[in-house]
Amino acid sequence: MSSRRPIARISGASGSRYRCFRDPFQVELGRLTLVYGENNSGKTALVRLPALIAESRMAGREGLVTGSSPLAGASPRATLWRGELDPADDADLVLGLELSSGTRWRWTLERRGDAGDLRVARIQIERRGGASVSLDRVGGVAGRDGENPGVFELSGERVPVALDGLMPSADGLPGGAALRNELVAALNGIRWLGAARVGPPLHATPVGGAGVIRGDGGEAKDILFSSPRLLAAVSAFYRQSTENTLSKASDSSDMARLVLSPVRSPGIAVAFPESGAGLQRMFPVIVGLEQIRLDGGLLIVEEPESHLHPRLQRALGRHVVEVLAENAQASVLIETHSEIFLLAALEAAIERLAHDVRILWIEPIEGGAAKPVPIPLDRDGRPTSATLEQAFDTMGVMRRELLGSRRRRGG
Amino acid sequence: MVVELDSALTQVPSAAQTLEVLGLCAFGASERHHIVPLDRPTWETWAKTWPRETEETLREIWDSGEQAAALGAHDRVRVVPDPAGDPSARSPSTALTLLGYPLRVLVENGRHDRDFLLAFADTATRAQLETAEARGWLVFESAGGIGEVEPRLKRIRDHAIERCRVFCMVDSDAKAPKQLSTKAKDARRLIGAVARAAGMSPNRCGHVLERRAAENYVPPREIRRSAAAVLGPQTADIKQAWDAAYQANAATLRGGIGRPGTPRRRFLAALALETLDERVIAHLDFDQGHGADGTRTDHVVWNLLRPLEKAVLKDGIGKDAIREVYRRGRGYQGATDELRELLGVIWGRL
């Protein structure tokens with residue numbers, strides 16, 4: 001377990017006019033949060049919200065950074081609700097995060113010009129039991145990067161505040177350095193893995209620095225090679241759940257690749273990229289999990305069950321719980337359709353992660369919008385709404401239809 | 001409910017008792033209750049003693065039952081051949097009677113309180129509650145006012161089966177935090193008595209609303225939307241006038257506040273509600289506001305309002321307008337944890 005200084009956990013997310021979330025919402029994030037919903041309901045938009053804020057910290061450039069992975073190069077306008085609004089409603093985009101310290105950050109971004117650029121109009125910081133801070137934009141200083149620094153009103157006074165992405169400089173904030181550092185530390189701990197993950201390359205690659213895990217899982221191999229401890233931990237998972245070991249084969253002093261070797265003989269070792277798609281897509285997830293086991297932080301994973309046999313889904317679900325049980329500063333936010341992950345989470349909610357599991361359902365509402373609905377668990381870890389029971393009834397319906405068909409044939 | 005079948009039921013000696021066990025399983029076939037065989041291998045052997053079609057149906061009932069038990073917080077009843085000395089268990093015949101009773105949700109006004117509750121239910125929960133209601137498994141029953149709740153609950157408490165199949169919800173009528181009316185206190189006490197007699201925790205048997213009345217949960221956004229639908233594009237101007245007056249802490253706004261009951265007044269009242277202190281939201285008289293004689297809302301609560309808020313809320317919003325919002329309501333946001341829990345309990349007790 002990490003002996004580093006505790007960092008605040010991302011314990012909630014909020015927003016409005018964000019993608020399909022037209023109306024204001026605020027959701028609590030547990031140490032393990034599973035997000036469910038139909039296809040194209042808005043699950044991905046929700047789980048990417050913390051990653052989007054974490055990415056939007058480009059030095060000297062104000063606003064959302066959408067060229068990076070969570071929005072895959074989309075324009076800032078792509079973050080906005082594009083349906084209808086009541087005439088009296090504001091069209092501003094609002095994004096927010098809550099930290100486990102109780103501090104809430106909320107950014108209001110207003111649309112400017114036909115290009116759909118978004119400018120930070122307000123930053124609100126609420127502290128648990130303390131005074132709130134509200135920076136309201138009243139103008140800006142024109143320069144190379146638009147109007148950065150902006151001129152904001154703070155407690156009746158006008159102050160210039162430079163923004164790195166969404167992050168205000170500490171100078172303009174009361175208690176600024178501490179507030180900013182707390183948020184930066186929490187955002188630095190976010191690792192995001194999209195649904196379209198890739199395995200490591202087939203050929204041997206140079207062994208270099210660790211790098212940062214990307215949304216597609218790239219760099220996961222380099223991170224692994226940079227730490228024998230991580231490699232041992234990841235290999236241990238593969239040994240236990242797939243009866244294969246994962247090892248580093250050095251082709252030369254500075255070139256290496258990953259090899260998968262069966263534990264039992266006779267067996268044939270293969271280059272890891274030649275193994276099944278499920279094992280490869282799971283690879284960055286396991287690396288990410290081992291990283292947060294060591295360092296804490298939030299791992300966001302989209303569809304970790306992708307290409308996995310149910311038995312391996314079960315192993316992965318239990319591994320997630322084990323990692324979280326070991327490091328209290330680690331948390332995981334998962335977008336999934338898997339009933340197996342749900343069952344693993346519900347079991348964990350009884351004891352190992354009691355009070356730390358949250359289940360969210362993305363529900364479509366009128367006008368093409370959606371809202372996240374929390375599904376509370378009772379003290380035995382049982383969902384207290386019909387949503388999940390109904391969502392996972394498809395197999396039962398199909399079984400009953402099959403039996404009915406057989407009976408009609410007299411079988 | 002989840003019905004747990006003890007494996008000793010596979011050994012009952014009489015044909016009548018065997019039929020009772022099959023009758024319990026039939027509740028699973030109709031998807032009314034969830035049947036879970038304890039010690040499944042023993043029950044699998046028992047299932048094999050039946051014709052193939054019956055055997056397959058039993059398996060399907062049990063698979064579905066196990067899944068529902070895993071994924072939902074349902075009430076449980078354990079069925080054994082002879083429950084003597086085991087107060088938590090039921091015999092097959094008693095269980096059949098119990099499971100055949102509808103769940104009665106006793107409220108002050110069956111129609112309006114039903115609309116209120118369903119307006120906040122998520123889609124799946126609402127669908128299951130409506131299905132149960134349509135099939136006669138769930139009844140929203142009018143007590144006829146809070147004064148009638150106490151005698152009704154007393155009678156139910158003394159009935160061995162009815163007390164296990166009732167849930168009661170009443171207003172707190174609290175004009176200020178934690179100041180329940182005498183009748184609400186009586187109802188809460190009786191809910192506790194019913195729960196004790198039924199061997200349940202009080203929150204599974206009933207609930208006294210934390211806020212003053214069902215009207216105090218109405219989402220201001222929905223009031224605003226219903227008024228805006230009548231007002232049309234002028235809502236943007238009214239909102240602008242409201243913002244300006246609010247900033248200036250004025251007592252009225254450009255264009256006036258409109259007459260009581262008009263869409264303009266309701267729209268402004270909704271704007272006021274959107275920023276109000278939680279104590280005001282919880283204890284304001286949403287129906288009549290401050291009232292003609294100034295007694296409908298507690299003075300301490302009323303004085304938390306700014307002059308403009310007092311002006312637009314002094315006559316309330318009106319029960320009928322709010323009831324209409326609930327009647328049309330689907331999956332309202334802003335369902336508090338309290339309402340989510342309440343709906344979860346009713347669903348779990350079906």
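Labels below follow one simple rule: chain letters A, B, ... track the order of the sequence lines, proteins then strands, and each chain is numbered from 1. Here the structure is a predicted model, which is why all the values come from computation and not from measurement.
The CD atom of B/Q128 sits 8.5 Å away from atom OG of A/S385, with the distance rounded to the nearest 0.5 Å. Residue B/E53 holds its CD atom at 4.5 Å from CZ of A/R407, rounded to the nearest 0.5 Å. Here B/Y332 contributes atom OH and A/I365 contributes atom CD1; the two are 11.5 Å apart, rounded to the nearest 0.5 Å. Between the CD atom in A/E363 and the CZ atom in B/R330 there is a gap of 12.0 Å [rounded to 0.5 Å]. Between atom CD of residue B/E60 and atom CG of residue A/L402 there is a gap of 9.5 Å, rounded to the nearest 0.5 Å. B/N203 CG to A/D378 CG: the interatomic distance, rounded to the nearest 0.5 Å, is 10.0 Å.
Ranked by heavy-atom pairs under 4.5 Å with chain B, the list A/E347, A/E339, A/M395, A/Q390 is led by A/Q390. Note on B/K239, B/E341, B/R126: by heavy-atom pairs under 4.5 Å with chain A, the leading option is B/K239. The residue among B/T235, B/T57, B/L71 with the most heavy atom pairs within less than 4.5 Å of chain A is B/L71. Ranked by non-hydrogen atom pairs under 4.5 Å with chain A, the options B/G344, B/A73, B/A70 are led by B/A73. Contact count versus chain B (heavy atoms, under 4.5 Å) is highest, among A/G396, A/G381, A/P374, A/P364, for A/P374. In terms of non-hydrogen atom pairs under 4.5 Å with chain B, the most contact-rich of A/L388, A/V373, A/L403 is A/L403.
The closest side-chain heavy-atom distance from B/L343 to A/T384 is not below 4.5 Å. Under the 4.5 Å side-chain criterion, counting only non-hydrogen atoms from C-beta, A/E389 is in contact with B/H74. Counting only heavy atoms from C-beta outward, the side chains of B/D122 and A/W361 never approach each other to under 4.5 Å.
Salt bridge present: B/R224 and A/D89 bring a charged side-chain N and a carboxylate O closer than 4.0 Å. Residues B/R225 and A/E366 are paired through a salt bridge, judged by an N-O separation under 4.0 Å between the basic side chain and the carboxylate.
Looking at B/A68, the atoms closer than 4.5 Å to chain A (heavy atoms on both sides) sit in the backbone and in the side chain alike. For A/P383, the parts lying near chain B are the backbone and the side chain together; criterion is any non-hydrogen pair under 4.5 Å. The part of A/L343 that comes within reach of chain B is its side chain, from C-beta onward, which places non-hydrogen atoms under 4.5 angstrom from that chain. Residue B/A229: no heavy atom, backbone or side chain, is found under 4.5 Å from chain A. Using a 4.5 Å cut-off between heavy atoms, A/I375 makes no contact with chain B at all.
The local environment of CZ in A/R382 is crowded, with over 12 non-hydrogen atoms from other residues, nucleotides or ligands closer than 6.0 Å. Within a 6.0 Å radius of CZ in B/R328, other residues, nucleotides and ligands contribute more than 12 heavy atoms. Residue B/D277 places its CG atom among more than 12 non-hydrogen atoms of other residues, nucleotides or ligands, all under 6.0 Å distant. Atom CZ of B/R76 has more than 12 neighbouring heavy atoms from other residues, nucleotides or ligands inside a 6.0 Å radius. Other residues, nucleotides and ligands place no more than 12 heavy atoms under 6.0 Å from the CD atom of A/E38. Residue B/E130 places its CD atom among more than 12 non-hydrogen atoms of other residues, nucleotides or ligands, all under 6.0 Å distant. Within 6.0 Å of CZ on A/R314 lie no more than 12 heavy atoms contributed by other residues, nucleotides or ligands.
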